[in-house]
Number of protein chains: 2
Amino acid sequence: MTTRIVELRRGILKKNDELAAGLRGRYSAAGVLALNLVSSPGTGKTALLEWTLTELRARGARAAALVGDLETDNDARRLAASGAPVRQINTHGICHLDAEMISKHLDGWVLGDLDFLFIENVGNLVCPSSYDLGERIRVVLLSVTEGEDKPLKYPAMFNSADAAVITKMDLALPCGFDRWAALKNINEVRPGIRIFETSVKSGAGLEEWLGYLEEKRSRRVTG
Amino acid sequence: MTTRIVELRRGILKKNDELAAGLRGRYSAAGVLALNLVSSPGTGKTALLEWTLTELRARGARAAALVGDLETDNDARRLAASGAPVRQINTHGICHLDAEMISKHLDGWVLGDLDFLFIENVGNLVCPSSYDLGERIRVVLLSVTEGEDKPLKYPAMFNSADAAVITKMDLALPCGFDRWAALKNINEVRPGIRIFETSVKSGAGLEEWLGYLEEKRSRRVTG
């Protein structure tokens, strides 16, 4: 049975990779920067996106978001308050988003009207790592409350990421967060990765994060 | 392809259920209370177990633990400091423990020598919900840092649990934790479930948790 599972899994991932390549082409042709945000449940993907969508709009950028959860449309409702176009994807038991879900939920959106497309994945540090959504940048989030060893425990996720955002830095002191251990562990799994140390409560690191987005977006447009 | 996946998945779960039933029989015959601890990554399963194993041993109870992670033996090393027998299960990419892994890692342990067997699952609020490990009690943990809506977003996990432990209550104030919303949401998904509000830092709720374990264990022995 194991052999059949491995073969079937390869088939699924191959099909997903093909669909993701198609999406990547569409994003590229439209000049939209697509980002895939992954983390544990409750790390603060939605809180970071609330701030980011609001701030980008205030600066005249056009951003939209797709947000994945097994159930509820809580996150889409939170994000829609920013004024940005937002759609909820409910996976109903599936532990990750895949390229087909993204493709379906983009239906009717004109990608050329967007500068940024944020995809908030299902909260899960394992399964989303295998599913390419055609994104240009994969961002892994890690909160100071989760423990500094998570990169070592979930290496596939951190290794496949292009940037890491440490969240909830305002709680670093009460949590006894060991900053150097966290930075060391992230770098061990993904050497040289860009790391942002942020808090949406205190505002720490957010301008740097926004600067990174704008830099990546302008590089995308100018080539 | 979808039909084949569904069929194969059913086959895997059926095989797991059969193995789990066998484990349940072994636990029962040996008079050991088996618990399966599930949560997001970083909720504090290991911290709660460190305290629990140490305290149970101090009171003369015999407890052992199996601990699941994709990689590293960090948790086994932390738990072994309690003096209890501990074994690490590395799943190498698999997002949950299954009954076969448990069965293999019990090899050589005499279950009749134990009062409690704790199984710490891979940190993941989705996939472990489908895999019975033969446990008598499934305990879902939720930290105050993760957000009160997690039970609604991950209903299968909360609905399949027998007890819920809210962790890191010492951080409730700086996190702005809404206790009533959390209790309401847990009860909405799993009405009447026993809930413990704990902190291994402040000691809150831990005696109640230990009392629950001892009560469940003595019920198990007396019938």
Side-chain angles (χ1 to χ4, degrees), chain A residues 1-2 4-5 7-9 11-12 15 39-44 46-47 68-75 78 90-96 122-130 142-157 167-168 170-171 173-176 185 189 201, chain B residues 1-2 4-5 7-9 11-12 15 39-44 46-47 68-75 78 90-96 122-130 142-157 167-168 170-171 173-176 185 189 201:
Chain A
M1 186 174 275
T2 310
R4 277 172 62 204
I5 293 167
E7 277 172 17
L8 203 57
R9 190 155 183 275
I12 293 166
K15 190 188 157 204
S39 79
S40 295
T43 301
T46 313
D69 273 301
L70 274 71
E71 305 293 341
T72 84
D73 63 352
N74 293 2
D75 288 357
R78 280 174 64 187
N90 279 144
T91 65
H92 303 300
I94 307 290
C95 50
H96 57 269
V122 173
N124 183 334
L125 273 183
V126 189
C127 315
S129 71
S130 306
L142 170 71
S143 85
V144 301
T145 66
E146 290 168 39
E148 300 81 0
D149 65 350
K150 290 302 165 290
L152 307 179
K153 285 184 170 182
Y154 301 87
M157 188 63 95
T167 62
K168 308 189 190 183
D170 56 293
L171 294 173
L173 196 64
C175 286
N185 290 339
V189 176
K201 281 200 182 164
Chain B
M1 187 175 274
T2 310
R4 277 171 62 204
I5 295 167
E7 277 172 17
L8 202 58
R9 190 155 185 274
I12 294 166
K15 188 187 158 206
S39 79
S40 295
T43 300
T46 312
D69 273 300
L70 273 70
E71 304 294 342
T72 85
D73 63 349
N74 293 1
D75 288 358
R78 280 173 64 186
N90 279 141
T91 66
H92 303 299
I94 307 290
C95 49
H96 58 267
V122 174
N124 182 335
L125 273 183
V126 188
C127 315
S129 70
S130 306
L142 170 71
S143 85
V144 300
T145 67
E146 291 169 40
E148 301 82 0
D149 64 352
K150 290 299 164 292
L152 308 180
K153 285 184 169 181
Y154 300 87
M157 188 64 95
T167 62
K168 309 190 189 183
D170 56 292
L171 294 172
L173 197 63
C175 288
N185 290 339
V189 176
K201 281 201 181 164

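If you're wondering where the values come from, they're calculated on a predicted model, not measured in any experiment.
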Does B:Thr43 have any side-chain hydrogen bond (donor to acceptor under 3.5 Å, both in side chains) partners at least two apart in sequence or in another chain, and if so, which? B:Ser39, B:Glu146
Closest non-hydrogen atom pair, B:Cys95 against A:Val126: CB-CG1, 3.6 Å
Between B:Asp75, B:Thr46, B:Asp170, B:Ile94, which shows the greatest number of heavy-atom pairs under 4.5 Å with chain A? B:Asp75
Among A:Gly147, A:Pro41, A:Gly42, A:Cys127, which has the most heavy-atom pairs under 4.5 Å with chain B? A:Pro41
Between the main-chain N or O of A:Pro174 and the side-chain N or O of B:Lys201, is there a donor-acceptor pair closer than 3.5 Å? yes
What distance separates B:Asp149 CG from A:Arg78 CZ, expressed to the nearest 0.5 Å? 7.0 Å
Need one label for B:Pro155: side chain, backbone, both or neither, based on atoms under 4.5 Å from any heavy atom in chain A. side chain
Rounded to the nearest 0.5 Å, what separates atom CG in B:Leu152 from atom OG1 in A:Thr72? 7.0 Å
Honestly, the part of B:Lys153 sitting under 4.5 Å from a heavy atom of chain A is both
Part of A:Leu171 lying under 4.5 Å from any heavy atom of chain B: side chain
